[in-house]
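Single-structure report; data block below.
Naming: A, B, ... by sequence-line order, numbering from 1 per chain.
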Number of protein chains: 2
Amino acid sequence: MGRARAGKTSRSDKIYAALRQAIVEQTLRPGDRLPEDAIGDCFGVSRTSVRAALARLHAERLVEARRNRVAIVASPDPTEAQEIFDMRRCLEQEVARRLAGRLTAAQVETLEQHVRLEEQTSAPDSQAASQLAGDFHRLLAGMVNNRVLARYVSELVSRSSLILALYGQAHSTDCAVSEHRAIVAALSRGDAAAAVQAMQHHLGTVEKRSSIKEGDARTYDVGAILKRYAVKEA
Amino acid sequence: MGRARAGKTSRSDKIYAALRQAIVEQTLRPGDRLPEDAIGDCFGVSRTSVRAALARLHAERLVEARRNRVAIVASPDPTEAQEIFDMRRCLEQEVARRLAGRLTAAQVETLEQHVRLEEQTSAPDSQAASQLAGDFHRLLAGMVNNRVLARYVSELVSRSSLILALYGQAHSTDCAVSEHRAIVAALSRGDAAAAVQAMQHHLGTVEKRSSIKEGDARTYDVGAILKRYAVKEA
DNA sequence: CGCCTGCAAGGTGTATACACTTTGCAGACG
DNA sequence: CGTCTGCAAAGTGTATACACCTTGCAGGCG
């Protein structure tokens, strides 16, 4: 009886995992429609399970669900995109601060192994590389002994995929592996200031890679945008 | 046609709101059972809507849902409780830092009015007072222009109710109003350092008010607890 | 008297049915 | 030819039905 345990995943769990994967891999892109019955047919289950999965994805802000309307993959507007990166800087800086000089040898090894894996990945712009890049950040956050922090970082990392999909070019080396290496180095030699700075610089790089411009996001409203076209057509 | 808009709340929305309220008010206490059909009967709806509401509450970590088992109101163990307060300190400190010296006169007035409302509330240990205290923190977080931050703070504030319910005495003046006043004062005179410190001190006070001790949370396991009783009975 | 076994009751997981809402389009109408 | 109207198709909101899991307890067995 020591056996058994866990294992059992409900149907909605499987669908949740599949959809989530498809979204962060950008197979499903922001704005794509997610009709419950179509998805259900596709997985061979009823709408019931699909609804549960969609609800969960909605809670994580990976899908938008308007009442009585088909759900769609979330597409963060520029303002939201900035808020997400802003928050990542805030949280992951905290991760760096807390981890600097406090990593065990085993943890450092785990991180270095992960970075090595990233380097060895053949296609640098592949879905796999993108996935690994995200995992690096999750791995790091998971080493802080605070599951709330880990969960928030993980959520933000996922949502970043949406932003890259919208404003960057698909999987354009989401994260420079060298920057990951620099972060690990600073952390393991216990240099908190450098670690924090490396993290900030890294996230800045990632954000820049996706040019979220669009009128600096403060000017973002339909009126302003349409006005530009009106001028052209006048 | 400028009219209409919003308004329509689905049944699961209503149930979600009701359960949520009951939980943060501590009418439903941590560990309380939440059987879908019982709740459905109670609200005159089917399990379907209740399930959706519970799923949402689960996503916010206000209820625990084990597979094939009745859902219960979440009861954070001491470790989790510390993680939540830890995270609150991290995020709300950021709120203070960002708000200091950047509040408009109108915002300061809103805050002062809220604090006045808190002071005037007759019963200081009432559900109402508790609710207002939480709202103060949400109000503050909402003034930072970052909805992600606001959402996380709001979630943590709600979860704090669970902790107070478990480890504090019910609604024991969750927050000292004077401390709220001090925070507003520091913010409005633009003293970031003081604001941050006031916030930290305040959250420290709140956490202390609920003595989460229980063996310092590292020693938290059933064995250790039962051992104490074994000694008594020996 | 204590432990194990099996069963019934309580509850969840999932499919299905049906009502209602939204949306796009065809055809009437100016 | 553009606009309005109404209807059918697509899709969601909710209730209900049934299979299966989990748990507590009654009764047998040592």
Side-chain angles (χ1 to χ4, degrees), chain A residues 1-20 22-23 28 30-59 61-75 222 233, chain B residues 1-20 22-23 28 30-59 61-75 222 233:
Chain A
M1 346 57 208
R3 289 305 293 60
R5 199 67 248 105
K8 273 283 142 268
T9 58
S10 67
R11 289 177 204 208
S12 73
D13 284 346
K14 293 202 202 83
I15 297 182
Y16 162 79
L19 287 178
R20 184 176 198 292
I23 291 173
L28 284 172
D32 281 357
R33 292 160 46 88
L34 302 169
E36 294 169 3
D37 23 21
I39 296 174
D41 289 353
C42 164
F43 284 95
V45 304
S46 78
R47 282 177 52 210
T48 312
S49 315
V50 179
R51 274 180 85 75
L54 288 177
R56 203 162 148 197
L57 290 164
H58 176 61
R61 298 298 190 271
L62 288 179
V63 321
E64 272 167 46
R66 301 95 86 218
R67 179 173 171 89
N68 276 321
R69 299 247 265 296
V70 67
I72 59 177
V73 177
S75 54
V222 210
E233 292 177 323
Chain B
M1 345 63 197
R3 289 309 291 59
R5 200 66 249 104
K8 271 285 143 267
T9 59
S10 67
R11 290 177 202 208
S12 72
D13 284 346
K14 293 202 202 83
I15 296 182
Y16 162 78
L19 287 179
R20 184 176 197 293
I23 291 172
L28 285 172
D32 281 357
R33 291 159 46 88
L34 302 169
E36 295 170 1
D37 23 20
I39 296 173
D41 289 353
C42 165
F43 284 94
V45 304
S46 78
R47 282 177 52 211
T48 312
S49 314
V50 178
R51 273 179 85 75
L54 287 178
R56 204 162 148 197
L57 291 165
H58 175 61
R61 298 297 190 272
L62 288 179
V63 321
E64 271 168 45
R66 302 95 88 221
R67 178 171 171 89
N68 276 321
R69 298 246 266 296
V70 66
I72 59 176
V73 177
S75 55
V222 209
E233 292 177 322

- Message: OP1 or OP2 of C:dG13 versus the side-chain N and O atoms of A:Ser12: is any pair under 4.0 Å?
- Response: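 No, because none of the side-chain N or O atoms of A:Ser12 sits under 4.0 Å from OP1 or OP2 of C:dG13.
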- Query: With a 3.5 Å cut-off and just heavy-atom distances, do the side chain of B:Arg47 and the base of C:dG13 make a donor-acceptor pair?
  - Reply: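 Pair found.
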Minimum heavy-atom distance between [X] and [Y], given as atom pair plus value:
X       : Y       : result
A:Val73 : A:Pro30 : CG1-CA, 3.6 Å
B:Ala53 : B:Tyr16 : CB-N, 3.6 Å
A:Leu62 : A:Ile23 : O-CD1, 4.1 Å

Please report, rounded to the nearest Å, how far the [atom2] atom of [N] is from the [atom1] atom of [X].
X       : N      : atom1 : atom2 : answer
A:Phe43 : C:dG13 : CZ    : P     : 20 Å
A:Asp13 : C:dT12 : CG    : P     : 16 Å
B:Lys14 : D:dT14 : NZ    : C1'   : 12 Å
A:Ile15 : C:dG13 : CD1   : P     : 14 Å
A:Glu64 : D:dT12 : CD    : C1'   : 17 Å
B:Arg11 : C:dC20 : CZ    : P     : 11 Å
B:Glu36 : D:dA15 : CD    : C1'   : 14 Å
B:Arg66 : C:dG13 : CZ    : C1'   : 16 Å

- Query: Mapping A:Asn68 and A:Ser10 onto DNA chain C by nearest heavy atom, which one lands closer to the 5' end?
  - Reply: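 Final value for this comparison: A:Ser10.
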- Of A:Gly44 and A:Arg67, the one whose closest DNA chain C nucleotide lies more 5':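 With A:Gly44 and A:Arg67 compared, the 5'-side residue is A:Gly44.
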- Query: If you round to the nearest 0.5 Å, how far is CG of B:Leu28 from CG of B:Leu34?
  - Reply: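 The distance works out to 6.0 Å.
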- Gap between atom CZ of A:Arg67 and atom OG1 of B:Thr9 - 0.5 Å precision: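 So the gap between those two atoms works out to 7.5 Å.
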Tell me which nucleotide among [options] gets nearest to the side chain of [X].
X       : options                : value
A:Ser46 : D:dG11, C:dT14, C:dA15 : C:dA15
A:Arg69 : D:dT12, C:dA15, C:dT23 : C:dT23
A:Val45 : C:dG11, D:dT14, C:dA15 : C:dA15
B:Ser49 : C:dG13, D:dA15, D:dT12 : D:dA15
A:Arg33 : D:dT14, C:dT14, D:dG11 : D:dG11

- Item | First encountered from the 5' end of DNA chain D, between A:Leu54 and A:Thr48 |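 Of the two residues, A:Leu54 wins.
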- Task: Pick base, sugar-phosphate or nothing for A:Arg51, based on heavy-atom distances below 4.0 Å to the nucleic acid.
- Result: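 The residue A:Arg51 makes base contact.
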